[in-house]
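This report concerns only the one structure given below.
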Amino acid sequence: MGTTQKTGHTSIPLAEQRRRHLPAGAAFGWLSEGWRDLWRNPLPSLLYGFAVFLLSLAIVWCLFRFQLDYILFPALAGFMVVGPLVAIGLYRKSRDIEEGVHPSLARMVLVKAASGAQVWYTGAILCLLMLVWMRAAVIIYALFMGLRPFPGLDRIVTMLFSTTEGLGMIFVGTVVGGLFAAFSFAISTFAIPMLLAERTDAFTAMGTSISLVFRNLPVMLVWGAIVLALSAIGIVTGLLGLIIIFPLLGHGTWHSYKAIR
C-alpha cells in the first residue's frame, strides 16, 4: 500500500507527488544555472575548487608514497561517492545567492546545516560506502589476477586489454562499479542539499533522495551522465580541471535539488 497525502477530496500517492515530469534536457539548464552561480562572486567558488584540487593531489601523492598505487583508480572513482558531501559549501553559496545574501568563503566553509549533525552522519555512511567499493575493487583484481603483483601504472593498460583476465576484470569491475556509483548517486545527490536546507534525519533524506531520483529517472540519468563526463575531464586534466568543474557541478546540483524537491 503506497503512502498518500489527502488534498481536498482526493488522495495523491506520495510517489506521484515526487514525479516532476521534467524533460531530460532540464539537466543542461541546471548546469547553466550552476555556471551562473560560479561566476557570481567567483573567487570563493574558485578557491573552493582549488582546495578540492589540492586535497585530491595530496591523496594521489599519499597513494604513491605508501605504495598503494594499485587502488588509485578505485580511489578516484570513489571520490565521486563522497563528492556531494564535499560540495556542501557550494550548495551554501547557491542558496545564499537565492536568498539575496552576499556569499563568502567563510560561509561556505563554516556551513551550518539545518539538520545539524545528521549531515555528517550521512557523510560517514558515504565514506564507508567508498571504503567498501575500494575493497571490492581489490577483491575483483584478486579474483582475476590471483597473487600476481600489481604491474604498475605504466603496464596496467597493456595487461588489461591484452589478456583474457584483464578484459574479464574490466567487464566485472565496470558492472560492480556502476552499481556502486548508481546507488551512491541515488542516496546522496539530493540528501546532502536536503540536510543543508531542511530539518530531517539522515535516513529520511537518503530515502527521499532515492525516491526523487527513481521518480524522475530520465532527467536524472542525463544529470548523472553530465556529472560522470565532467568528473572524468577533471581527472584526465591531471586534476587541474577540478578547480572549475567541481564548483560548477556543486552549484548545478543545488539547482537540481531545487527543481525536483
Could you tell me whether a side-chain N or O of Thr122 sits under 3.5 Å from a main-chain N or O of Gln118, the two making a donor and an acceptor?
yes
Taking Val175 as the starting point, is it possible to reach Tyr141 by hopping between hydrophobic residues whose side chains are less than 4.5 Å apart?
yes
Please identify each residue that fulfils side-chain hydrogen bond (donor to acceptor under 3.5 Å, both in side chains) with Arg261, with sequence neighbours left out.
Glu198
Pairwise side-chain contact, Arg92 with Lys112, heavy-atom cut-off 4.5 Å (strictly under)
no
Taking Asp96 first and then Arg107, would you say they form a salt bridge - that is, a charged N and a carboxylate O separated by under 4.0 Å?
yes
Do Val172 and Val176 have side chains that approach each other closer than 4.5 Å (heavy atoms only, starting at C-beta)?
yes
I'd like to know whether Leu31 forms a side-chain contact (heavy atoms from CB on, under 4.5 Å) with Trp35, so could you lay out the CA-CA distance, the side-chain angles of the two residues, the decisive distance to 0.1 Å, and finally the verdict.
CA-CA 6 Å; Leu31 192 67; Trp35 182 258; over 6 Å; no
When you measure from the side chain of Tyr91 to the backbone of Pro84, do you find a donor-acceptor pair of N or O atoms at a distance under 3.5 Å?
yes
Would you say Asp37's side chain and His251's backbone share a donor-acceptor pair under 3.5 angstrom?
no
Please confirm whether Phe190 and Phe185 have ring centers closer than 6.0 angstrom.
no
In residues 47-68, what donor-acceptor pairs under 3.5 Å come from side-chain atoms, sequence neighbours left out?
residue, atom, partner, partner atom, Å
Tyr48, OH, Val86, O, 2.5
Tyr48, OH, Gly89, N, 3.1
Ser56, OG, Val52, O, 2.8

Interatomic spacing from CZ in Arg95 to CD1 in Ile88 - rounded to 0.5 Å:
10.5 Å
As a quick check of understanding, evaluate side-chain contact (heavy atoms from CB on, under 4.5 Å) for Val132 and Phe180, giving each step before the final call.
CA-CA 9 Å; Val132 171; Phe180 269 97; 3.8 Å; yes
Would you say the side chain of Leu179 lies within less than 4.5 Å of the side chain of Phe183, judging by non-hydrogen atoms?
no
Which residues pass the side-chain hydrogen bond (donor to acceptor under 3.5 Å, both in side chains) test with Thr204, sequence neighbours left out?
Asp201
Minimum heavy-atom separation for Ala205 and Thr200, please, with both atom names.
CB-CG2, 4.2 Å
Applying side-chain hydrogen bond (donor to acceptor under 3.5 Å, both in side chains) to Trp30 and not counting sequence neighbours gives none
Worked check of side-chain contact (heavy atoms from CB on, under 4.5 Å) between Ile125 and Met206
CA-CA 10 Å; Ile125 294 174; Met206 289 187 288; 3.5 Å; yes
Measure the CD1-CE distance between Ile140 and Met145 for me, rounded to the nearest 0.5 Å.
11.5 Å
Answer yes if Ile139 and Leu72 sit in the same cluster of Ile, Leu, Val, Met, Phe, Trp and Tyr residues linked by side chain heavy atoms under 4.5 Å apart, and no otherwise.
yes
State whether the side chain of Lys93 and the backbone N or O of Arg40 hold a donor-acceptor pair below 3.5 Å, judged by distance alone.
yes
Check for me, please, whether Leu242 and Leu240 land in the same ILVMFWY cluster - side-chain distances under 4.5 Å, paths through other members count.
yes
Taking every non-hydrogen atom, the tightest pair across Leu248 and Gly34:
CD1-C, 3.8 Å
Restricting to salt bridge (charged side-chain N to carboxylate O under 4.0 Å, His left out), what partner residues turn up for Glu165, sequence neighbours left out?
none
Salt bridge (charged side-chain N to carboxylate O under 4.0 Å, His left out) involving Arg36 - partner list, sequence neighbours excluded:
none
Quick check: is Leu221 connected to Tyr257 through a chain of hydrophobic side chains (ILVMFWY, heavy atoms under 4.5 Å apart)?
no
Test Asn216 against His21 for side-chain hydrogen bond (donor to acceptor under 3.5 Å, both in side chains), laying out the working first.
CA-CA 7 Å; Asn216 301 276; His21 303 287; over 6 Å; no
Does a side-chain heavy-atom distance below 4.5 Å link Leu167 with Thr163?
no
Does any N or O in the side chain of Ser162 come within less than 3.5 Å of the main-chain N or O of Thr158, such that one atom is a donor and the other an acceptor?
yes
Could you go through Ile260 and Leu22, starting from their C-alpha distance and side-chain angles, then the distance that decides it, and tell me whether this counts as side-chain contact (heavy atoms from CB on, under 4.5 Å)?
CA-CA 9 Å; Ile260 288 183; Leu22 293 173; 3.8 Å; yes
Atom pair CG (Leu85) and SG (Cys127), whose distance is rounded to the nearest 0.5 Å
6.5 Å
Using side-chain heavy atoms (C-beta onward) and a distance below 4.5 Å, is Ser184 in contact with Trp133?
no
When you group the ILVMFWY residues by side-chain heavy-atom contacts below 4.5 Å and let the links chain together, are Val101 and Met108 in the same group?
no
Does Ser231 use its side chain to pair, donor to acceptor, with the backbone of Leu228 at less than 3.5 Å?
no
What I'd like to find out is whether the side chain of Leu196 reaches to under 4.5 Å of the side chain of Val119, using heavy atoms alone.
no
What is the distance from atom CG of Leu212 to atom CG of Leu217, rounded to the nearest 0.5 Å?
12.5 Å
Taking the side chain from Ser209 and the backbone from Ala186, do they hold a donor-acceptor pair closer than 3.5 Å?
yes
Scanning both residues in full, the closest heavy-atom pair of Leu249 with Trp223 reads O-CZ2, 4.0 Å
Do we see a donor-acceptor contact under 3.5 Å between the side chains of Glu98 and Trp254?
yes
Ala24 versus Pro218, closest heavy-atom pair with distance
CB-O, 4.1 Å
For atom CZ of Phe28, decide whether the heavy atoms of other residues, nucleotides or ligands shown that lie under 6.0 angstrom number more than 12.
no
Locate the shortest heavy-atom distance separating Pro247 from Leu38; write the atom from each residue and the value.
CB-CD1, 3.7 Å
Do Leu126 and Ile187 have side chains that get closer than 4.5 Å, going by heavy atoms?
yes
Identify the heavy atoms of Ile97 and Pro103 that sit nearest to each other, and give their distance.
CG1-CG, 4.3 Å
Taking C-beta and beyond as the side chain, do Thr189 and Thr253 meet within less than 4.5 Å on heavy atoms?
yes
